[in-house]
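One structure is given below, encoded as structure tokens.
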Amino acid sequence: MAKFMDVHRDMHGITAEKLLEAHQADLAIEGEESVHFEHAWADPESGTVYCLSEAPSAEAVQRVHERAGHRADEVHAVSLEA
């Protein structure tokens, strides 16, 4: 499976609790799309949230996020890592 990094914008003031809640919502349904969300990060000041996942496609990642109630603004394949 491929790795993906997705970006959510306009989440100004997100708290650790809200980030965990959103991540848990993804985890609850990720298996239905053969996706695994590995980690999520947030910058409350800029309102940007990043999620790292393994999935069969960017579309599968987006479907999980949409169903969990927080559509990603961008989903990028991450094909190289060091």
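Model, not experiment: these values are computed from the prediction. Computed over heavy atoms, backbone and side chain alike; hydrogens, waters and symmetry mates excluded.
When side chains are defined from C-beta on, D43 does not count as touching Y50, because their heavy atoms never get closer than 4.5 Å.
Taking the ring-ring contact (aromatic ring centres under 6.0 Å, His included) definition, one finds that F4 meets it with nothing, sequence neighbours left out. Here E38 pairs with K3 under the salt bridge (Lys or Arg N to Asp or Glu O under 4.0 Å) rule; sequence neighbours left out. E33 meets the salt bridge (Lys or Arg N to Asp or Glu O under 4.0 Å) test with R63; sequence neighbours excluded. In this structure, the side chain to side chain contact (heavy atoms under 4.5 Å, CB included) partners of H70, at least two apart in sequence or on a different chain, are H8, A22, A25, D26, H65, A68. For E32, the side chain to side chain contact (heavy atoms under 4.5 Å, CB included) partners are I29, R67, not counting sequence neighbours.
Annotation for A40 and C51: closest pair CB-SG, 4.2 Å, computed over non-hydrogen atoms.
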Please evaluate residues W41 and L52 with respect to the criterion side-chain contact (heavy atoms from CB on, under 4.5 Å), reporting the C-alpha separation (whole Å), side-chain torsions for both, the decisive distance (0.1 Å), and the verdict.
CA-CA 9 Å; W41 300 266; L52 179 66; 3.8 Å; yes
Does L19 form a side-chain contact (heavy atoms from CB on, under 4.5 Å) with H23? I'd like the steps, not just the answer.
CA-CA 6 Å; L19 178 63; H23 186 61; 5.5 Å; no
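The closest donor-acceptor contact from the side chain of E30 to the backbone of V64 lies at 3.5 Å or more, if one exists at all. Side-chain atoms of D6 do not come within 3.5 Å of backbone N or O of A72 as any donor-acceptor pair.
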Listed pairs under 3.5 Å, donor-acceptor, residues 75-82 side chains, sequence neighbours left out:
{"unit_1": "H76", "atom_1": "NE2", "unit_2": "E74", "atom_2": "OE1", "d": "2.6"}

